[in-house]
**Student:** 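My structure is below; once you've seen it, I'll send some questions.
Just so it is clear, the structure is predicted and the values come from calculations on it, not from any experiment. Naming: A, B, ... by sequence-line order, numbering from 1 per chain.
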2 protein chains.
Amino acid sequence: MNRKEQKLQTRAAIMDAAFSLLSDERSLSSISLREVAREAGIAPTSFYRHFKDMDDLGLTLVDEGGLALRQLMRQARLRIASGGDVIKVSIDTFMEFVFANSNVFRLLLRERSGTSTAFREAVSREIQHFIAELTDYICRHTKLPLERANLQAEAMVKLVFSTGAEAIDLPPAQQKQLSERLIKQLRFIAIGAASFKK
Amino acid sequence: MNRKEQKLQTRAAIMDAAFSLLSDERSLSSISLREVAREAGIAPTSFYRHFKDMDDLGLTLVDEGGLALRQLMRQARLRIASGGDVIKVSIDTFMEFVFANSNVFRLLLRERSGTSTAFREAVSREIQHFIAELTDYICRHTKLPLERANLQAEAMVKLVFSTGAEAIDLPPAQQKQLSERLIKQLRFIAIGAASFKK
DNA sequence: TAAATTAGCGCACACTTGTAAGCTGAAAAG
DNA sequence: CTTTTCAGCTTACAAGTGTGCGCTAATTTA
(Lines give C-alpha, C1' and ligand atoms only; values in the text may rest on other atoms or scores of the structure.)
Protein backbone atom coordinates (compact mmCIF):
# COMPACT_ATOMS: atom_id res chain seq x y z
CA MET A 1 0.00 0.00 0.00
CA ASN A 2 2.45 2.66 -1.12
CA ARG A 3 -0.38 4.90 -2.13
CA LYS A 4 -1.86 5.37 1.34
CA GLU A 5 1.59 5.97 2.66
CA GLN A 6 2.21 8.82 0.27
CA LYS A 7 -1.09 10.36 1.18
CA LEU A 8 -0.33 10.29 4.88
CA GLN A 9 2.98 11.94 4.17
CA THR A 10 1.34 14.81 2.33
CA ARG A 11 -1.21 15.12 5.09
CA ALA A 12 1.63 15.41 7.56
CA ALA A 13 3.26 18.02 5.36
CA ILE A 14 0.09 20.09 5.46
CA MET A 15 -0.07 19.90 9.22
CA ASP A 16 3.59 20.80 9.54
CA ALA A 17 3.09 23.70 7.19
CA ALA A 18 0.22 25.02 9.26
CA PHE A 19 2.19 24.69 12.48
CA SER A 20 5.17 26.45 11.05
CA LEU A 21 3.04 29.34 9.86
CA LEU A 22 1.80 29.95 13.39
CA SER A 23 3.72 32.58 15.30
CA ASP A 24 3.13 35.27 17.83
CA GLU A 25 1.54 37.34 15.12
CA ARG A 26 -0.23 34.74 13.03
CA SER A 27 -3.15 32.71 14.28
CA LEU A 28 -4.98 29.92 12.52
CA SER A 29 -7.80 32.22 11.55
CA SER A 30 -5.41 34.61 9.87
CA ILE A 31 -3.76 31.91 7.82
CA SER A 32 -5.32 31.09 4.50
CA LEU A 33 -5.78 27.75 2.89
CA ARG A 34 -3.63 28.91 0.04
CA GLU A 35 -0.79 29.86 2.33
CA VAL A 36 -0.81 26.46 3.92
CA ALA A 37 -0.85 24.79 0.52
CA ARG A 38 2.02 26.97 -0.67
CA GLU A 39 4.07 26.15 2.42
CA ALA A 40 3.29 22.46 2.06
CA GLY A 41 4.32 22.54 -1.57
CA ILE A 42 1.01 21.47 -3.06
CA ALA A 43 -1.66 23.10 -5.20
CA PRO A 44 -4.37 24.93 -3.25
CA THR A 45 -7.05 22.60 -4.50
CA SER A 46 -5.11 19.52 -3.44
CA PHE A 47 -5.68 20.59 0.13
CA TYR A 48 -9.24 19.29 -0.17
CA ARG A 49 -8.02 15.75 -0.72
CA HIS A 50 -6.98 15.78 2.94
CA PHE A 51 -9.17 18.20 4.87
CA LYS A 52 -12.68 19.48 4.39
CA ASP A 53 -11.58 23.04 5.09
CA MET A 54 -9.31 25.05 7.37
CA ASP A 55 -11.52 24.38 10.37
CA ASP A 56 -11.13 20.69 9.84
CA LEU A 57 -7.37 21.12 9.77
CA GLY A 58 -7.48 23.31 12.85
CA LEU A 59 -9.41 20.81 14.89
CA THR A 60 -6.88 18.16 14.04
CA LEU A 61 -4.05 20.43 15.15
CA VAL A 62 -5.77 21.25 18.42
CA ASP A 63 -6.28 17.58 19.20
CA GLU A 64 -2.70 16.78 18.38
CA GLY A 65 -1.34 19.72 20.36
CA GLY A 66 -3.39 18.92 23.42
CA LEU A 67 -2.33 15.34 23.31
CA ALA A 68 1.34 16.24 23.14
CA LEU A 69 1.02 18.51 26.15
CA ARG A 70 -0.83 15.96 28.21
CA GLN A 71 1.67 13.24 27.44
CA LEU A 72 4.40 15.51 28.66
CA MET A 73 2.61 16.19 31.92
CA ARG A 74 2.19 12.49 32.48
CA GLN A 75 5.92 12.08 32.11
CA ALA A 76 6.34 14.84 34.64
CA ARG A 77 4.26 12.93 37.13
CA LEU A 78 6.48 9.92 36.61
CA ARG A 79 9.50 12.05 37.39
CA ILE A 80 7.78 13.06 40.60
CA ALA A 81 7.12 9.48 41.63
CA SER A 82 10.87 9.07 41.88
CA GLY A 83 11.20 11.92 44.37
CA GLY A 84 10.81 15.67 43.97
CA ASP A 85 8.29 18.36 44.75
CA VAL A 86 5.02 17.81 42.89
CA ILE A 87 4.28 21.41 42.15
CA LYS A 88 7.76 22.47 41.23
CA VAL A 89 8.44 19.58 38.89
CA SER A 90 5.08 20.01 37.18
CA ILE A 91 5.51 23.70 36.62
CA ASP A 92 9.05 23.32 35.39
CA THR A 93 7.87 20.71 32.93
CA PHE A 94 4.98 22.82 31.82
CA MET A 95 7.08 25.90 31.27
CA GLU A 96 9.62 23.90 29.35
CA PHE A 97 6.87 22.77 27.04
CA VAL A 98 5.51 26.25 26.60
CA PHE A 99 8.85 27.48 25.34
CA ALA A 100 9.89 24.44 23.39
CA ASN A 101 6.56 24.24 21.61
CA SER A 102 5.35 27.78 21.83
CA ASN A 103 3.35 27.50 18.64
CA VAL A 104 1.37 24.58 19.96
CA PHE A 105 0.68 26.34 23.21
CA ARG A 106 -0.30 29.51 21.43
CA LEU A 107 -2.66 27.55 19.26
CA LEU A 108 -4.43 26.17 22.33
CA LEU A 109 -4.51 29.54 24.03
CA ARG A 110 -5.93 31.37 21.08
CA GLU A 111 -8.53 28.87 20.09
CA ARG A 112 -9.68 28.67 23.67
CA SER A 113 -11.26 32.08 23.22
CA GLY A 114 -11.45 32.02 19.45
CA THR A 115 -14.30 32.48 17.04
CA SER A 116 -15.12 28.87 16.34
CA THR A 117 -17.38 27.04 18.73
CA ALA A 118 -15.92 23.74 17.63
CA PHE A 119 -12.40 24.92 18.43
CA ARG A 120 -13.39 26.32 21.77
CA GLU A 121 -15.02 23.05 22.69
CA ALA A 122 -12.00 21.08 21.55
CA VAL A 123 -9.62 23.12 23.69
CA SER A 124 -12.05 23.07 26.57
CA ARG A 125 -12.07 19.30 26.34
CA GLU A 126 -8.28 19.24 26.49
CA ILE A 127 -8.28 21.37 29.60
CA GLN A 128 -10.91 19.16 31.19
CA HIS A 129 -8.57 16.24 30.57
CA PHE A 130 -5.85 18.07 32.45
CA ILE A 131 -8.14 18.83 35.32
CA ALA A 132 -9.38 15.27 35.51
CA GLU A 133 -5.89 13.87 35.60
CA LEU A 134 -4.78 16.33 38.25
CA THR A 135 -7.90 15.71 40.34
CA ASP A 136 -7.15 12.04 40.25
CA TYR A 137 -3.60 12.68 41.32
CA ILE A 138 -4.66 14.88 44.22
CA CYS A 139 -7.20 12.35 45.42
CA ARG A 140 -4.61 9.61 45.47
CA HIS A 141 -2.01 11.70 47.27
CA THR A 142 -4.09 13.58 49.83
CA LYS A 143 -7.15 12.80 51.88
CA LEU A 144 -9.31 15.46 50.27
CA PRO A 145 -12.87 14.60 49.28
CA LEU A 146 -13.35 14.32 45.51
CA GLU A 147 -15.26 17.54 45.11
CA ARG A 148 -12.65 19.60 46.90
CA ALA A 149 -9.83 17.94 44.97
CA ASN A 150 -11.62 18.81 41.77
CA LEU A 151 -12.03 22.44 42.77
CA GLN A 152 -8.37 22.60 43.62
CA ALA A 153 -7.30 20.99 40.36
CA GLU A 154 -9.46 23.30 38.32
CA ALA A 155 -8.14 26.41 40.00
CA MET A 156 -4.59 25.21 39.55
CA VAL A 157 -4.90 24.34 35.88
CA LYS A 158 -6.56 27.64 35.07
CA LEU A 159 -3.92 29.58 36.91
CA VAL A 160 -1.15 27.67 35.20
CA PHE A 161 -2.58 28.27 31.75
CA SER A 162 -3.10 31.90 32.51
CA THR A 163 0.46 32.31 33.67
CA GLY A 164 1.79 30.31 30.75
CA ALA A 165 0.02 32.72 28.44
CA GLU A 166 1.71 35.61 30.13
CA ALA A 167 5.12 33.99 30.22
CA ILE A 168 5.21 33.03 26.58
CA ASP A 169 6.31 36.38 25.31
CA LEU A 170 8.61 37.34 28.13
CA PRO A 171 12.42 37.25 28.32
CA PRO A 172 13.84 34.25 30.21
CA ALA A 173 14.85 36.42 33.13
CA GLN A 174 11.27 37.24 33.90
CA GLN A 175 10.01 33.77 33.04
CA LYS A 176 11.85 32.34 35.99
CA GLN A 177 10.49 34.99 38.27
CA LEU A 178 6.97 34.36 37.02
CA SER A 179 7.35 30.63 37.59
CA GLU A 180 8.36 31.24 41.16
CA ARG A 181 5.39 33.45 41.76
CA LEU A 182 3.16 30.83 40.22
CA ILE A 183 4.53 28.15 42.48
CA LYS A 184 3.73 30.22 45.55
CA GLN A 185 0.25 30.88 44.27
CA LEU A 186 -0.33 27.20 43.68
CA ARG A 187 0.70 26.57 47.25
CA PHE A 188 -1.87 29.10 48.38
CA ILE A 189 -4.48 27.03 46.61
CA ALA A 190 -3.19 23.74 48.00
CA ILE A 191 -3.10 25.08 51.54
CA GLY A 192 -6.47 26.73 51.21
CA ALA A 193 -8.07 23.61 49.80
CA ALA A 194 -6.64 21.53 52.62
CA SER A 195 -7.80 23.78 55.44
CA PHE A 196 -11.13 24.87 53.96
CA LYS A 197 -14.04 24.55 56.39
CA LYS A 198 -17.79 24.38 55.80
CA MET B 1 -17.19 74.40 16.83
CA ASN B 2 -19.90 72.37 15.16
CA ARG B 3 -17.38 70.78 12.89
CA LYS B 4 -15.38 69.01 15.61
CA GLU B 5 -18.60 67.85 17.15
CA GLN B 6 -19.75 66.17 13.97
CA LYS B 7 -16.41 64.48 13.62
CA LEU B 8 -16.55 63.06 17.12
CA GLN B 9 -20.00 61.74 16.38
CA THR B 10 -18.83 59.88 13.32
CA ARG B 11 -15.89 58.56 15.25
CA ALA B 12 -18.30 57.24 17.85
CA ALA B 13 -20.39 55.70 15.08
CA ILE B 14 -17.34 53.83 13.84
CA MET B 15 -16.56 52.52 17.29
CA ASP B 16 -20.16 51.48 17.84
CA ALA B 17 -20.19 49.77 14.49
CA ALA B 18 -17.07 47.80 15.36
CA PHE B 19 -18.47 46.78 18.73
CA SER B 20 -21.73 45.66 17.24
CA LEU B 21 -19.93 43.52 14.67
CA LEU B 22 -18.15 41.60 17.42
CA SER B 23 -19.83 38.38 18.44
CA ASP B 24 -18.93 34.92 19.59
CA GLU B 25 -17.90 34.13 16.05
CA ARG B 26 -16.43 37.39 14.87
CA SER B 27 -13.27 38.85 16.32
CA LEU B 28 -11.62 42.14 15.51
CA SER B 29 -9.10 40.49 13.27
CA SER B 30 -11.84 38.87 11.21
CA ILE B 31 -13.68 42.12 10.68
CA SER B 32 -12.67 44.21 7.71
CA LEU B 33 -12.31 47.93 7.50
CA ARG B 34 -14.95 47.96 4.82
CA GLU B 35 -17.41 46.12 6.99
CA VAL B 36 -16.98 48.62 9.78
CA ALA B 37 -17.42 51.49 7.37
CA ARG B 38 -20.55 49.90 5.92
CA GLU B 39 -22.03 49.39 9.37
CA ALA B 40 -21.14 52.92 10.38
CA GLY B 41 -22.74 54.29 7.23
CA ILE B 42 -19.65 55.91 5.76
CA ALA B 43 -17.45 55.31 2.74
CA PRO B 44 -14.53 52.94 3.31
CA THR B 45 -12.03 55.66 2.66
CA SER B 46 -13.63 57.98 5.18
CA PHE B 47 -12.52 55.60 7.88
CA TYR B 48 -9.01 56.99 7.51
CA ARG B 49 -10.13 60.42 8.60
CA HIS B 50 -10.58 58.94 12.08
CA PHE B 51 -8.21 56.02 12.51
CA LYS B 52 -4.90 55.10 11.00
CA ASP B 53 -6.01 51.53 10.41
CA MET B 54 -7.98 48.74 12.06
CA ASP B 55 -5.30 48.23 14.69
CA ASP B 56 -5.61 51.83 15.72
CA LEU B 57 -9.35 51.37 16.11
CA GLY B 58 -8.85 48.13 18.02
CA LEU B 59 -6.52 49.68 20.55
CA THR B 60 -9.04 52.40 21.23
CA LEU B 61 -11.74 49.80 21.80
CA VAL B 62 -9.56 47.82 24.18
CA ASP B 63 -8.78 50.90 26.23
CA GLU B 64 -12.42 51.86 26.38
CA GLY B 65 -13.57 48.34 27.25
CA GLY B 66 -11.03 47.94 30.01
CA LEU B 67 -11.95 51.27 31.49
CA ALA B 68 -15.64 50.39 31.58
CA LEU B 69 -14.92 47.13 33.36
CA ARG B 70 -12.68 48.73 35.95
CA GLN B 71 -15.17 51.46 36.70
CA LEU B 72 -17.75 48.80 37.36
CA MET B 73 -15.50 46.96 39.77
CA ARG B 74 -14.86 50.16 41.66
CA GLN B 75 -18.58 50.57 42.10
CA ALA B 76 -18.72 47.01 43.38
CA ARG B 77 -16.17 47.84 46.03
CA LEU B 78 -18.33 50.76 47.14
CA ARG B 79 -21.27 48.42 47.50
CA ILE B 80 -19.09 46.26 49.70
CA ALA B 81 -18.19 49.17 51.94
CA SER B 82 -21.84 49.31 52.94
CA GLY B 83 -21.85 45.70 54.13
CA GLY B 84 -21.64 42.42 52.23
CA ASP B 85 -19.14 39.72 51.46
CA VAL B 86 -16.17 41.06 49.47
CA ILE B 87 -15.70 38.06 47.27
CA LYS B 88 -19.32 37.35 46.59
CA VAL B 89 -20.27 40.90 45.70
CA SER B 90 -17.24 41.28 43.46
CA ILE B 91 -17.89 38.09 41.57
CA ASP B 92 -21.56 38.83 41.16
CA THR B 93 -20.70 42.23 39.77
CA PHE B 94 -18.09 40.81 37.47
CA MET B 95 -20.37 38.14 36.10
CA GLU B 96 -23.11 40.67 35.57
CA PHE B 97 -20.70 42.69 33.47
CA VAL B 98 -19.58 39.70 31.49
CA PHE B 99 -23.11 38.97 30.38
CA ALA B 100 -24.34 42.51 29.98
CA ASN B 101 -21.30 43.47 27.91
CA SER B 102 -20.22 40.17 26.52
CA ASN B 103 -18.76 41.74 23.42
CA VAL B 104 -16.48 43.97 25.44
CA PHE B 105 -15.34 41.10 27.59
CA ARG B 106 -14.79 38.89 24.57
CA LEU B 107 -12.72 41.62 23.00
CA LEU B 108 -10.45 41.74 26.03
CA LEU B 109 -10.22 37.97 26.25
CA ARG B 110 -9.35 37.50 22.62
CA GLU B 111 -6.86 40.25 22.30
CA ARG B 112 -5.13 39.07 25.45
CA SER B 113 -3.78 36.18 23.45
CA GLY B 114 -4.20 37.72 20.03
CA THR B 115 -1.80 38.33 17.20
CA SER B 116 -0.97 41.95 17.85
CA THR B 117 1.71 42.77 20.36
CA ALA B 118 0.20 46.20 20.90
CA PHE B 119 -3.19 44.67 21.72
CA ARG B 120 -1.71 42.12 24.05
CA GLU B 121 0.14 44.81 25.90
CA ALA B 122 -2.94 46.97 26.13
CA VAL B 123 -5.00 44.17 27.64
CA SER B 124 -2.14 43.17 29.88
CA ARG B 125 -2.04 46.72 31.15
CA GLU B 126 -5.75 46.62 31.92
CA ILE B 127 -5.32 43.43 33.90
CA GLN B 128 -2.40 44.91 35.78
CA HIS B 129 -4.70 47.76 36.76
CA PHE B 130 -7.14 45.25 38.16
CA ILE B 131 -4.46 43.50 40.11
CA ALA B 132 -3.08 46.75 41.47
CA GLU B 133 -6.46 47.90 42.68
CA LEU B 134 -7.21 44.56 44.29
CA THR B 135 -3.78 44.40 45.91
CA ASP B 136 -4.40 47.78 47.40
CA TYR B 137 -7.77 46.67 48.70
CA ILE B 138 -6.34 43.53 50.28
CA CYS B 139 -3.55 45.48 51.95
CA ARG B 140 -5.98 47.87 53.51
CA HIS B 141 -8.34 45.17 54.71
CA THR B 142 -5.95 42.50 55.95
CA LYS B 143 -2.58 42.50 57.63
CA LEU B 144 -0.81 40.76 54.78
CA PRO B 145 2.58 42.05 53.63
CA LEU B 146 2.46 43.81 50.29
CA GLU B 147 4.17 41.07 48.34
CA ARG B 148 1.81 38.38 49.56
CA ALA B 149 -1.21 40.57 48.94
CA ASN B 150 0.01 41.09 45.42
CA LEU B 151 0.46 37.39 44.80
CA GLN B 152 -3.03 36.78 46.10
CA ALA B 153 -4.56 39.51 43.97
CA GLU B 154 -2.83 38.27 40.86
CA ALA B 155 -3.96 34.70 41.38
CA MET B 156 -7.50 35.87 42.00
CA VAL B 157 -7.75 38.12 38.98
CA LYS B 158 -6.36 35.46 36.68
CA LEU B 159 -8.73 32.86 38.01
CA VAL B 160 -11.67 35.21 37.66
CA PHE B 161 -10.84 36.07 34.07
CA SER B 162 -10.32 32.45 33.23
CA THR B 163 -13.67 31.50 34.70
CA GLY B 164 -15.39 34.44 33.05
CA ALA B 165 -14.10 33.20 29.74
CA GLU B 166 -15.58 29.81 30.40
CA ALA B 167 -18.87 31.16 31.67
CA ILE B 168 -19.51 33.47 28.76
CA ASP B 169 -20.93 30.85 26.46
CA LEU B 170 -22.77 28.78 29.03
CA PRO B 171 -26.49 28.67 29.86
CA PRO B 172 -27.51 30.65 32.98
CA ALA B 173 -28.11 27.48 34.93
CA GLN B 174 -24.46 26.53 34.71
CA GLN B 175 -23.23 30.10 35.11
CA LYS B 176 -24.54 30.18 38.62
CA GLN B 177 -22.91 26.90 39.44
CA LEU B 178 -19.64 28.08 37.97
CA SER B 179 -19.77 31.28 40.02
CA GLU B 180 -20.22 29.29 43.18
CA ARG B 181 -17.26 27.11 42.35
CA LEU B 182 -15.22 30.19 41.63
CA ILE B 183 -16.13 31.72 44.96
CA LYS B 184 -14.92 28.63 46.80
CA GLN B 185 -11.70 28.65 44.82
CA LEU B 186 -11.11 32.28 45.64
CA ARG B 187 -11.54 31.42 49.29
CA PHE B 188 -8.91 28.72 48.91
CA ILE B 189 -6.56 31.40 47.70
CA ALA B 190 -7.49 33.84 50.46
CA ILE B 191 -7.05 31.23 53.14
CA GLY B 192 -3.83 29.95 51.65
CA ALA B 193 -2.37 33.42 51.35
CA ALA B 194 -3.27 34.18 54.94
CA SER B 195 -1.74 31.04 56.42
CA PHE B 196 1.25 30.73 54.11
CA LYS B 197 4.53 30.12 55.96
CA LYS B 198 8.12 30.58 54.87
C1' DT C 1 -16.59 88.52 1.53
C1' DA C 2 -12.69 85.72 0.12
C1' DA C 3 -9.58 82.05 1.22
C1' DA C 4 -8.36 77.91 3.53
C1' DT C 5 -9.48 73.66 5.66
C1' DT C 6 -11.34 69.19 5.82
C1' DA C 7 -15.05 65.23 6.41
C1' DG C 8 -16.78 62.39 3.38
C1' DC C 9 -17.33 60.41 -1.29
C1' DG C 10 -16.59 57.84 -5.82
C1' DC C 11 -13.62 55.60 -8.65
C1' DA C 12 -9.94 52.67 -9.58
C1' DC C 13 -6.28 49.38 -8.96
C1' DA C 14 -3.77 45.47 -7.79
C1' DC C 15 -4.20 41.66 -4.84
C1' DT C 16 -5.75 37.67 -2.30
C1' DT C 17 -9.12 34.58 -1.25
C1' DG C 18 -12.03 29.94 -1.50
C1' DT C 19 -13.33 26.68 -4.48
C1' DA C 20 -15.69 24.59 -8.86
C1' DA C 21 -14.50 21.77 -13.13
C1' DG C 22 -11.99 18.84 -15.47
C1' DC C 23 -7.48 16.61 -16.75
C1' DT C 24 -3.37 13.47 -16.00
C1' DG C 25 -0.58 9.81 -14.73
C1' DA C 26 0.50 6.47 -11.67
C1' DA C 27 -0.82 3.02 -8.38
C1' DA C 28 -4.18 -0.66 -7.07
C1' DA C 29 -7.60 -4.01 -8.22
C1' DG C 30 -9.56 -7.33 -11.27
C1' DC D 1 -3.14 -6.67 -19.44
C1' DT D 2 -7.24 -3.86 -18.64
C1' DT D 3 -9.91 -1.19 -15.76
C1' DT D 4 -10.71 1.59 -11.83
C1' DT D 5 -9.31 4.76 -8.40
C1' DC D 6 -7.61 8.98 -6.89
C1' DA D 7 -3.71 12.48 -5.37
C1' DG D 8 -2.39 16.32 -7.34
C1' DC D 9 -2.46 19.63 -11.07
C1' DT D 10 -4.02 23.75 -14.04
C1' DT D 11 -7.22 26.98 -15.17
C1' DA D 12 -10.84 30.06 -14.11
C1' DC D 13 -14.03 33.00 -11.66
C1' DA D 14 -16.57 35.84 -8.65
C1' DA D 15 -16.15 38.10 -4.42
C1' DG D 16 -13.86 40.67 -1.20
C1' DT D 17 -9.89 43.30 0.46
C1' DG D 18 -6.87 47.82 1.72
C1' DT D 19 -5.85 52.07 0.09
C1' DG D 20 -4.15 55.98 -3.34
C1' DC D 21 -6.06 59.95 -5.80
C1' DG D 22 -8.71 63.72 -6.56
C1' DC D 23 -13.31 66.00 -6.13
C1' DT D 24 -17.07 68.37 -3.59
C1' DA D 25 -19.45 70.98 -0.42
C1' DA D 26 -19.67 72.92 3.76
C1' DT D 27 -17.57 74.92 7.73
C1' DT D 28 -14.01 77.68 9.80
C1' DT D 29 -10.73 81.30 9.63
C1' DA D 30 -8.94 85.71 8.27
**Student:** DNA chain C: B:G41 or A:I31, which has the more 5' nearest nucleotide?
**Tutor:** B:G41
**Student:** In chain order, what residues pass the salt bridge (Lys or Arg N to Asp or Glu O under 4.0 Å) check against A:E64, with sequence neighbours excluded?
**Tutor:** none
**Student:** Mind listing the closest non-hydrogen atom pair of A:L57 and A:A18 along with its distance?
**Tutor:** CD1-CB, 3.8 Å
**Student:** In whole Å, I'd like the distance from the CD atom of B:Q6 to the P atom of C:dG8.
**Tutor:** 7 Å
**Student:** List, by chain and number, the other hydrophobic cluster members for B:L178, where Ile, Leu, Val, Met, Phe, Trp and Tyr join if side-chain heavy atoms come within less than 4.5 Å, directly or indirectly.
**Tutor:** B:L170
**Student:** From the set D:dT19, C:dT17, C:dA7, return the single nucleotide nearest to any side-chain atom of A:E35.
**Tutor:** C:dT17
**Student:** So do the side chains of A:M73 and A:L134 get within less than 4.5 Å of each other, counting heavy atoms only?
**Tutor:** no
**Student:** Within less than 4.0 Å of OP1 or OP2 of C:dT17, is there a side-chain N or O belonging to A:S32?
**Tutor:** yes
**Student:** Which is true for B:R38 with a 4.0 Å heavy-atom rule: it touches a base, it touches only sugar-phosphate, or it touches nothing?
**Tutor:** sugar-phosphate
**Student:** What is the separation between atom CG on A:D55 and atom P on C:dT19, rounded to the nearest whole Å?
**Tutor:** 10 Å
**Student:** Please enumerate all residues that pass ring pair (Phe, Tyr, Trp, His ring centres under 6.0 Å) together with A:F105, with sequence neighbours excluded.
**Tutor:** A:F94, A:F161
**Student:** Is there a donor on the side chain of A:R34 or the base of C:dG18 sitting less than 3.5 Å from an acceptor on the other?
**Tutor:** yes
**Student:** If you check the B:N2 side chain, which of D:dG18, D:dT28, C:dT17 turns out closest?
**Tutor:** D:dT28
**Student:** Establish whether B:Y48 and B:I14 are linked, either directly or via other cluster members, by ILVMFWY side-chain heavy-atom contacts under 4.5 Å.
**Tutor:** yes
**Student:** Is any side-chain heavy atom of B:V160 closer than 4.5 Å to a side-chain heavy atom of B:L186?
**Tutor:** yes
**Student:** Could you tell me the separation between the CD atom of A:E5 and the C1' atom of D:dA7, rounded to a whole number of Å?
**Tutor:** 15 Å
**Student:** Specify the separation, in whole Å, of atom CG of B:L21 and atom P of D:dT17.
**Tutor:** 11 Å
**Student:** Just the rounded figure in Å: distance from P of C:dA27 to CD of A:Q9.
**Tutor:** 14 Å
**Student:** Kindly check if the number of other-residue, nucleotide or ligand heavy atoms within 6.0 Å of CD (B:Q128) is above 12?
**Tutor:** yes
**Student:** Starting from P on D:dT17, measure out to CG on B:D53 and report it in whole angstrom.
**Tutor:** 16 Å
**Student:** Dump every N/O contact between nucleotides 2-5 of chain D and the protein below 3.5 Å, one line per pair.
**Tutor:**
none

**Student:** Could you tell me the separation between the NZ atom of A:K7 and the C1' atom of C:dA28, rounded to a whole number of Å?
**Tutor:** 14 Å
**Student:** Let me know the distance between CZ of A:R26 and P of C:dT16, rounded to the nearest Å.
**Tutor:** 13 Å
**Student:** Strictly below 4.0 Å, heavy-atom distances to any atom of DNA chain C: list the hits from residues 45-52 of chain B, or just say none.
**Tutor:** B:T45, B:S46, B:R49, B:H50
**Student:** Tell me the salt bridge (charged side-chain N to carboxylate O under 4.0 Å, His left out) pairs involving residues 89-103 of chain B, sequence neighbours left out?
**Tutor:** B:K88-B:D92
